[in-house]
Amino acid sequence: MAKTEKRKKLSSNAKKALVLCCMVGLLVVTGVLNFVLNSRIGDATDVGKNPGDNAVETFFSSHRSNRETARAEEFSYLDAIIKSESASETVKASAEQKQVELLEFIEKELVLESIIKAKGFEDAVVTMSTNNLNVIVNKAELTAQDVAQIVGAMLSETDYTRNQVYVMSYAV
């Protein structure tokens with residue numbers, strides 16, 4: 001009877017070891033495939049580009065993604081307040097007003113980014129808040145004329161003052 005129990009334990013341990021080995025093998029295969037495919041994608045996208053272009057594109061897309069994630073979290077918090085049974089009507093109304101304000105910011109940011117691109121800049125990210133407007137432009141160095149052009153466009157499309165508009169350049 002002891003041999004039977006011992007045999008079951010060994011086969012159970014053997015099964016665990018086999019599963020573990022398979023999982024490690026799959027992990028190694030996944031890593032190798034990830035490396036190979038990323039290098040092929042990198043080779044295909046790097047044709048005709050400067051080495052820093054990919055980093056710049058990554059910065060701008062990452063910035064937009066982070067901005068959207070933060071806004072989505074803020075919307076979910078505001079939704080929770082609005083749906084809350086314990087929140088007062090004043091707090092709920094304030095949360096609804098904040099949601100409307102966020103929607104206006106999102107719409108206006110998209111418009112402002114399009115305007116900057118239409119003025120000849122390769123890419124730009126605009127982030128609005130109640131106190132200021134931040135503009136990051138894909139250009140190594142901004143001249144005074146570039147800044148004046150961007151600020152002028154921002155002031156004509158928004159209610160911000162010159163002291164509330166910040167323009168920065170970004171390039172690798």
Discussion item. What verdict does the side-chain contact (heavy atoms from CB on, under 4.5 Å) test give for Val137 and Met168, after you've listed the backbone C-alpha separation in whole Å, the side-chain angles of each residue and the deciding distance to 0.1 Å?
Written reply: CA-CA 6 Å; Val137 181; Met168 297 160 268; over 6 Å; no
Fill in: Where Met128 and Tyr160 come nearest, the two heavy atoms and their spacing
CE-CE1, 3.4 Å
Worksheet item: Is there side-chain contact between Asn66 and Ser62, with heavy atoms separated by less than 4.5 Å?
Response: yes
Worksheet item: Looking at CG of Leu133 and CD of Gln164, how far apart are the two atoms once the value is rounded to the nearest 0.5 Å?
Response: 9.0 Å
Item to complete: Determine whether Phe121 and Val135 make a side-chain contact, defined as any pair of heavy atoms from C-beta on separated by less than 4.5 Å.
Response: no
Worksheet entry | Qualifying residue for salt bridge (Lys or Arg N to Asp or Glu O under 4.0 Å) with Glu113, from Lys108, Lys119, Arg67 | Arg67
Sequence neighbours excluded and cut-off under 3.5 Å, please list the side-chain donor-acceptor pairs for residues 93-104, or say none.
unit_1, atom_1, unit_2, atom_2, d
Lys98, NZ, Glu101, OE2, 3.1
Gln99, NE2, Asp79, OD1, 2.7

Discussion item. If I take atom OG1 from residue Thr127 and atom CG from residue Leu112, how far apart are they, to the nearest 0.5 angstrom?
Written reply: 10.5 Å
Item to complete: Verify, without hydrogens or angle tests, whether Ser84 (side chain) and Ala80 (backbone) share a donor-acceptor contact under 3.5 angstrom.
Response: no
Worksheet item: Looking at CD1 of Ile136 and CD1 of Ile116, how far apart are the two atoms once the value is rounded to the nearest 0.5 Å?
Response: 10.5 Å
Worksheet entry | Ring geometry between Tyr170 and Phe60 (parallel below 30°, tilted from 30 to 60°, perpendicular above 60°) | perpendicular
Worksheet entry | Nearest-0.5 Å distance, NZ of residue Lys117 to CD1 of residue Ile115 | 12.0 Å
List the atom pairs, with distances to 0.1 Å, where a side-chain N or O of residues 139-154 and a protein N or O form a donor-acceptor pair under 3.5 Å, not counting sequence neighbours.
unit_1, atom_1, unit_2, atom_2, d
Lys139, NZ, Asp146, OD2, 2.6
Thr143, OG1, Gln145, N, 3.4
Thr143, OG1, Asp146, N, 3.0
Thr143, OG1, Asp146, OD2, 3.2
Asp146, OD2, Thr143, N, 3.2

